[in-house]
Amino acid sequence: QWNEPRNCARRYLKVDFADIGWSEWIISPKSFDAYYCSGECQFPIPKAMKPSNHATIQSIVRAVGVVPGIPEPCCVPDKMSSLSILFFDENKNVVLKVYPNMTVESCACR
Amino acid sequence: GAVRGSRARPPAGEDGPGQRRPERPAAADRVAEHMLRLYEQYRGGRDPPAPPGPWLRRGNTVRGFRPLPAGSPKGQEMYIFNLTSLTESENVLSASVYYYIGDLLHVKWNCSQPSGCSHHWHRKPEIQIRLSVWTFPSAGNLTRSLGHFLINVSSAYQDILSWQWKDITQLLHEAKQNNELLISVKMDLTGHPPWERASSSYEPYILIYANDSAISEPESVVSTLRGHHHPLARVLPKPEGHRRSSVDNRRRKRSANVLLPLQNNELPGAKYQYGEEQGWEGTKPYKTFQPQLADRARSKKKQRKSHLQKTQTLQFDEQTLKKARRK
């Protein structure tokens with residue numbers, strides 16, 4: 001994925017619950033597309049990266065260099081979606097929960 | 001408790017009228033099957049099925065409870081349910097007991113026809129099921145009745161189904177309020193031979209629809225898995241402890257990593273104190289800045305107002321940036 005442009009963007013990440021040791025109690029799904037955000041939010045931040053007003057200002061302050069130590073804005077999840085997980089609770093009963101903010105839909109500079 | 005029988009209704013996606021089977025469906029675990037079906041409906045982005053009863057809100061949590069394996073007094077079948085995994089943050093929207101009455105039906109096979117065997121369902125004319133819900137005594141507590149229902153299974157039901165359900169939402173609210181989450185469900189037939197305990201596939205089960213208010217909290221996906229899930233416990237500290245320690249760390253960082261005003265963008269000389277209700281607020285030195293800032297803000301406000309109405313996004317041309325760089 002690093003051959004792609006280095007600007008802030010959503011990248012593909014598939015999480016397999018077995019890989020993180022959770023498959024013992026998660027019945028379904030076995031894996032899901034989580035995605036992640038990565039890339040630069042350098043000045044000038046393109047509109048496509050949906051910078052917040054604050055991120056724009058921070059980017060300018062950093063570019064101008066008046067305040068030392070200010071980092072560039074972060075590339076973070078913007079819109080996220082929920083994921084339904086079917087799992088066993090501590091008494092081995094089956095539970096279905098809809099967890100919010102489990103999958104990245106889009107990224108932004110913030 | 002109410003004294004009215006519930007109308008037969010299958011679990012979501014269950015066989016409807018006209019789809020009766022001559023034999024028991026080969027379900028290994030009815031509650032797992034039911035939960036899996038609900039999961040598919042939630043996952044598919046389809047409108048999840050409404051929980052039974054008048055409860056239309058669906059919430060973000062469904063829990064399925066199997067009965068604990070237990071003996072029972074003769075002639076009165078008792079199923080014990082451990083509902084203690086229900087958390088305080090889970091607001092119960094609906095709770096139902098699902099039970100199988102297929103054994104109350106007789107199947108008569110007729111193999112006289114040349115085309116092969118056909119089957120006919122015959123119902124006993126009047127069957128009355130008494131379903132009662134009790135708290136199960138824990139240390140120092142006595143059993144008490146939460147409610148009971150008399151359910152009539154009569155020939156009036158033309159489309160009788162093997163699985164039925166009974167809404168016990170109010171009973172469960174009471175049990176949860178009193179923290180009596182070990183409950184027993186007793187089933188017996190009035191005026192008939194004793195209710196026989198079914199094999200595990202056909203035992204009653206409880207479904208609880210709830211809205212978990214804590215699900216949006218940080219690490220909720222981890223906190224719901226704490227307890228017996230050792231692999232996780234090895235990797236991550238328990239959420240409560242983790243939360244406490246992270247708060248402590250933040251406090252320490254706030255006090256230890258004091259930056260100079262130029263580094264931290266705070267007003268020089270300003271000291272901040274935290275008020276529970278007011279949030280962060282400045283002490284006197286900060287307040288002395290307020291009139292000046294307010295005046296400046298007022299004078300610039302008019303200029304900005306017209307521009308802000310056009311767009312809510314800040315825009316910068318190259319000239320402005322050059323000026324800023326020169327400064």
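Below, chains carry the letters A, B, ... as their sequence lines are ordered, and counting in each starts from 1. What's counted below: heavy atoms across the whole structure, side chains too, no hydrogens, waters or symmetry copies.
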query: Nearest 0.5 Å, what's the CD-CG distance between B:Glu40 and A:Leu86?
result: 9.0 Å
- request: Would you give the length of the straight line joining atom CG of A:Leu96 to atom OG1 of B:Thr61, rounded to the nearest 0.5 angstrom?
  value: 8.0 Å
- request: With a 4.5 Å cut-off on heavy-atom pairs, point out which of B:Ser216, B:Ala32, B:Ser85 contacts chain A the most.
  value: B:Ser85
message: Using the side chain to side chain contact (heavy atoms under 4.5 Å, CB included) definition, which of the options B:Glu33, B:Met35, B:His34 pairs with A:Val94?
response: B:Met35
message: Counting only non-hydrogen atoms closer than 4.5 Å, does A:Pro29 touch chain B with its backbone (N, CA, C, O), its side chain (CB onward), both, or neither?
response: both
- prompt: Do A:Phe87 and B:Val221 come within less than 4.5 Å of each other through their side chains, counting heavy atoms only?
  reply: no
Proximity breakdown for B:Leu36 and chain A, heavy-atom pairs closer than 4.5 Å: both
- prompt: So what's closer than 4.5 Å to chain B heavy atoms on A:Phe43: side chain, backbone, both or neither?
  reply: side chain
- prompt: Is any side-chain heavy atom of B:Thr84 closer than 4.5 Å to a side-chain heavy atom of A:Asn91?
  reply: yes
query: Does a donor on one side chain and an acceptor on the other come within less than 3.5 Å for B:Ser220 and A:Tyr99?
result: no
- line: Note: vs chain B, highest number of non-hydrogen pairs under 4.5 angstrom among A:Val98, A:Asn101, A:Leu83 is A:Val98
message: Keeping B:Arg43 on the side-chain end and A:Ile85 on the backbone end, is there a donor-acceptor pair under 3.5 Å?
response: no
- line: When rounded to the nearest 0.5 Å, the distance separating CZ of B:Phe81 from CG of A:Asn93 is 9.5 Å
query: How far does CG of B:Asn82 sit from CD of A:Glu90, to the nearest 0.5 angstrom?
result: 8.5 Å
query: Under the salt bridge (Lys or Arg N to Asp or Glu O under 4.0 Å) test, which residues partner B:Asp212, sequence neighbours left out?
result: A:Lys97
